[in-house]
Trainee: 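My questions all concern the structure below.
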Amino acid sequence: MAQVSLRRLVKKYEGDVQAVKGIDLEIADHEFVVLVGPSGCGKSTTLRMIAGLEDITDGEIAIGGVVVNDIPPRDRDIAMVFQNYALYPHMTVFENMAFGLTLRRFPKDEIRRRVDNAARILDIGELLDRKPKALSGGQRQRVAMGRAIVRDPKVFLFDEPLSNLDAKLRVQMRTEIKKVHQTVKTTTVYVTHDQVEAMTLADRVVVMNNGIIEQVGPPQELYHNPTTKFVAGFIGSPAMNFIPARLENGAGALRLHLPEGIVLPVPPERTKRYAPHAGQEVLFGLRPEHLTEEKPTDKANIATFQVRPEVIEPMGMETLVHFWLQGTEVSARLDPAVPAEVGRPLTLAADMNRMHLIDPRTERVL
Amino acid sequence: MSGASMATGAPAAPAYRKVGSLRRERRWALIGAYAALAVFVVFFLLPPFHMLITSLKSSAEIADLSGNPWTVSRPTLENYWALLTHGSYPIHFRNSVIVTLCTVAITMLISIPAAFALARMRFWGSTVLATGVFLTYLVPETLLFIPLFQIIGGMGLYNNMWAMVLIYPTLTVPFCTWIMIGYFGSIPKELDEAALIDGANHFQMLWKIFIPVALPGILAATIFAFTVSWAQFLYPMAFLVSSDQMVLTTGIVSDLIRGDTFQWGMIMAGALLAALPPLLVYAFLMDYYIAGLTAGATKG
């Protein structure tokens, strides 16, 4: 068990392409950290540098307090689970799981004990004599996890391990991974592009974009208090609405002037925070789940306005309504019982307690 | 309307017109395939059949030009018996086996690590080197044997079958390395990364992961090296002169053709027996060979 430290970590490829641009990150012992971001954001490169599969251009990686920059992967005491499982096709499940221990010359009965234990945790005891080609995708992923568990390493590294599975199995394996972590409590670094996976698994989520860390925090913190437009838009599904607006100060109260004459009052408790930006063009950020049908409530700061839905998507448990405000698509999440119709005026309620204002130039949340 | 139509019993008009027939197309494709294969089989199997018939004839029957060359009237094994009990055929056979086995072993010992290094261990110039390896294979042996003659002579190995063990790998190593580079390259990169993380060094990765996984490709290369060594004619012709050093390809023609006297029965028997080892190798390894040749053709 160990903490992992990344200090001013840089990765440059040939042609001066900078995949990772000097990131700093401290991962505590036992922690489950998820690196999330779009393709090409540097998350996999970062993970591969931790594993020792990529050279480090600059900076430092320490595992358990020891700088491992020049230590080969086999001596870093890490285990990795790959997207395509990377099981050895000519070996049985048992041999696959035991391979790392055999190379390290563990006694045979110790290998048997560890493999049996991991097989019990992952419920793959009856598969031990099979070859990988005789396993389903989910079973292969379990074996790949088993191969990591038996090593009892300082750190688990997961590189998009669920991407090859179908949607149902992905949800099931997500729970398995969480359960395994709760059992073995090994420090884990997990890479995914799926923000739902990140939110459900992580103790802390690291949102990466274009080679830098945009924000680090617990899932709820990132959801409720994003610091940049990128994080606000990346976390949450459907993505947060960003509507161009003008912040005006009138009669001691701040108001947001949206396109098509919609005016929304800013909650009084936010006045002090936003007052310095009065008169500025801003982006008004509001998640679809905070833009709903009008309903009786005693909550303060609920503002209503009327729209004409242009696309309606019934999802069963909810209905997504899409409309456009001067070219900007806006989504709202409605109770499925609400009779929304394309083109028919619909009154929506915006929970202004959950609003965000973003500076369009710096793309930082105000 | 429909009731009236049913009452008259008139057949309903077809709702759509039938265009072409998949079954007919398939039948014609099969007929074409069988015809092409029949030509192929006749073309390639007639010579061995003629060899077999001739090898079972006595010298007198072969010399009798009035007889049918495709039939044998009094089959005899005297050619085989003479070949195996008199003359140098067993020595040539033994020499061929030794040279071929040694060549295959040397080829694999060089080609497998070379292909592994060129396919997987990224180093400066590895791509150019891989292409260079293949280019050496393209140099015709008819050009190479003159400088090789000087080298072998300088080493004192002229008229020594062990010279073949040194020379044949110049033919087999480049090609075997090349096809194994392709095969190793088709193995997912994550497999060696998983092995590295599991604690394997490069030698263990090669021995415990790559060789077992790439076995079909390695066997394909082995068959190639075996065939090239077994059937090589030019180099033994140029470098081996005494019968006790000769291999089968040159031994048969030099021992069984005296001036303008061709011992056809024994030549054919010798050639047929010489064709047996490659046939056996192919028969046992064919499945792997096909798998090796088609590796990487599909994703699965």
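Chain naming here is simple, since letters A, B, ... match the order of the sequence lines and numbering starts at 1 in each.
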Trainee: Identify each donor-acceptor pair in which a side-chain atom of residues 21-30 of chain B lies under 3.5 Å from a protein atom, sequence neighbours left out, and give them as a table.
Mentor:
| from | atom 1 | to | atom 2 | distance (Å) |
| --- | --- | --- | --- | --- |
| B:S21 | OG | B:R23 | N | 3.4 |
| B:S21 | OG | B:R24 | N | 3.1 |

Trainee: For B:Y34, check ring pair (Phe, Tyr, Trp, His ring centres under 6.0 Å) against everything at least two apart and list the hits.
Mentor: none
Trainee: CZ/A:F99 to CD1/B:I197 distance, rounded to the nearest 0.5 angstrom?
Mentor: 12.5 Å
Trainee: Enumerate, including both backbone and side-chain atoms, all donor-acceptor pairs under 3.5 Å from chain B to chain A.
Mentor:
| from | atom 1 | to | atom 2 | distance (Å) |
| --- | --- | --- | --- | --- |
| B:E190 | OE1 | A:N84 | ND2 | 3.3 |
| B:E193 | OE1 | A:R48 | NH1 | 2.9 |
| B:E193 | OE2 | A:R48 | NH1 | 3.0 |
| B:E193 | OE2 | A:R48 | NH2 | 2.6 |
| B:A194 | O | A:Y88 | OH | 3.4 |
| B:A195 | N | A:Y88 | OH | 3.2 |
| B:I197 | O | A:R151 | NH1 | 3.1 |
| B:D198 | O | A:R104 | NH1 | 2.4 |
| B:D198 | OD2 | A:Y88 | OH | 2.7 |
| B:K208 | O | A:H90 | NE2 | 2.8 |

Trainee: Tell me, side chain or backbone of A:L87 under 4.5 Å from chain B's heavy atoms, or both, or neither?
Mentor: backbone
Trainee: B:A200 and A:L103: which non-hydrogen atoms are nearest, and at how many Å?
Mentor: N-CD1, 3.4 Å
Trainee: A:P73, A:P72, A:G52: which one forms the most heavy-atom pairs within less than 4.5 Å of chain B?
Mentor: A:P73
Trainee: Which residue pairs satisfy the side chain to side chain donor-acceptor pair (under 3.5 Å) criterion with at least one member in residues 100-109 of chain B, sequence neighbours excluded?
Mentor: B:T107-B:T172
